[in-house]
Amino acid sequence: MKTLVYLIIGTFFGIVMYKSEAASWFRIYEMFEFGAFHMYGIIGSALAIGVIGTQIIKRNNIKALGGQDMELKPKAMSIPRYLIGGILFGLGWALAGACPGPMYVLAGAGFGSILIVIFGALLGTFIYGILRNKLPH
């Protein structure tokens, strides 16, 4: 049953991403050129909804789907961690024209060439998992 709920939520998310053009390479390119507010509006809206949702979860002690407590622990601040990670994420986003969410939306929309990007992202995640203990955290 949980798998069905996640599948429905993921499908809804994909449809919203596709219809709002958040998965559009043109919109992403336009954002990086500071040519339009479209993507900034989407990202800003998501940020505001996330902050409000997190506060609602914390204040009302809302449980996860399985009934377990949600643990929202703050992460340790580290300049190299966020600086290096942010640069790598941004470079990947700029080179691929899509961040992780839209990559799967584009695959679902039938853009087969995005599978190369998804493979690269999974390979990078696998390599990070191998090197994680040797990296500064």
Side-chain angles (χ1 to χ4, degrees):
M1 187 62 181
K2 274 201 272 187
T3 304
L4 182 61
V5 171
Y6 293 136
L7 186 62
I8 291 169
I9 292 170
T11 301
F12 178 72
F13 175 73
I15 291 168
V16 169
M17 291 280 289
Y18 189 75
K19 289 296 191 178
S20 69
E21 296 183 355
S24 166
W25 181 88
F26 173 75
R27 291 289 183 191
I28 293 168
Y29 178 76
E30 194 176 51
M31 177 187 71
F32 282 120
E33 281 195 325
F34 300 104
F37 182 74
H38 185 86
M39 289 297 290
Y40 294 110
I42 291 172
I43 293 168
S45 299
L47 180 64
I49 290 168
V51 168
I52 293 167
T54 301
Q55 291 305 312
I56 290 170
I57 289 169
K58 283 182 173 181
R59 292 175 191 207
N60 297 320
N61 198 22
I62 296 175
K63 307 283 185 197
L65 286 179
Q68 63 268 42
D69 288 332
M70 288 198 217
E71 295 183 30
L72 302 171
K73 299 177 185 173
K75 294 190 176 192
M77 292 300 293
S78 166
I79 291 176
R81 166 192 218 164
Y82 295 109
L83 187 64
I84 295 168
I87 288 171
L88 289 175
F89 183 84
L91 285 173
W93 189 6
L95 290 172
C99 64
M103 288 184 335
Y104 294 100
V105 172
L106 291 170
F111 294 94
S113 59
I114 199 70
L115 294 175
I116 297 167
V117 176
I118 291 173
F119 174 76
L122 292 173
L123 180 64
T125 303
F126 178 73
I127 292 170
Y128 170 76
I130 292 171
L131 299 176
R132 183 172 185 220
N133 295 333
K134 297 175 176 75
L135 297 173
H137 282 94

Participant: Please give the remaining members of the hydrophobic cluster of Ile116, linking ILVMFWY side chains under 4.5 Å, ordered by chain and number.
Facilitator: none
Participant: Identify every side-chain donor-acceptor pair in residues 82-109 under 3.5 Å, counting partners at least two apart or on other chains, and give the distances.
Facilitator:
none

Participant: Going by the salt bridge (charged side-chain N to carboxylate O under 4.0 Å, His left out) test, which pairs reach into residues 95-118, not counting sequence neighbours?
Facilitator: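 Of all non-adjacent pairs touching residues 95-118, none passes salt bridge (charged side-chain N to carboxylate O under 4.0 Å, His left out).
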Participant: Residues in side chain to side chain contact (heavy atoms under 4.5 Å, CB included) with Ser45, at least two apart?
Facilitator: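 Expected list: none.
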Participant: Does one hydrophobic cluster hold both Ile9 and Ile15, with members joined at side-chain heavy-atom distances below 4.5 Å?
Facilitator: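 Shared cluster, no.
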Participant: Side-chain donor-acceptor pairs under 3.5 Å in residues 28-43, sequence neighbours left out?
Facilitator:
{"residue": "Tyr29", "atom": "OH", "partner": "Glu33", "partner atom": "OE2", "Å": "2.9"}
{"residue": "Glu30", "atom": "OE1", "partner": "Arg27", "partner atom": "NH1", "Å": "3.0"}
{"residue": "His38", "atom": "NE2", "partner": "Ser20", "partner atom": "O", "Å": "2.7"}
{"residue": "Tyr40", "atom": "OH", "partner": "Met31", "partner atom": "O", "Å": "2.8"}

Participant: Donor-acceptor pairs are to be reported for all side-chain atoms of residues 48-56 against protein atoms at under 3.5 Å, with residues two or more places apart or in another chain.
Facilitator:
{"residue": "Thr54", "atom": "OG1", "partner": "Gly50", "partner atom": "O", "Å": "2.8"}
{"residue": "Gln55", "atom": "OE1", "partner": "Arg59", "partner atom": "NE", "Å": "3.4"}
{"residue": "Gln55", "atom": "OE1", "partner": "Arg59", "partner atom": "NH2", "Å": "3.4"}

Participant: Give a yes or no on whether Leu115 and Phe119 share a hydrophobic cluster (residues Ile, Leu, Val, Met, Phe, Trp, Tyr; joining criterion: side-chain heavy atoms under 4.5 Å apart).
Facilitator: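 No, no single cluster joins them.
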Participant: Do Phe111 and Trp25 share a hydrophobic cluster (ILVMFWY, side-chain heavy atoms under 4.5 Å, transitive)?
Facilitator: no
Participant: Is Leu123 reachable from Ile114 through a run of hydrophobic residues whose side-chain heavy atoms are each under 4.5 Å from the next?
Facilitator: no
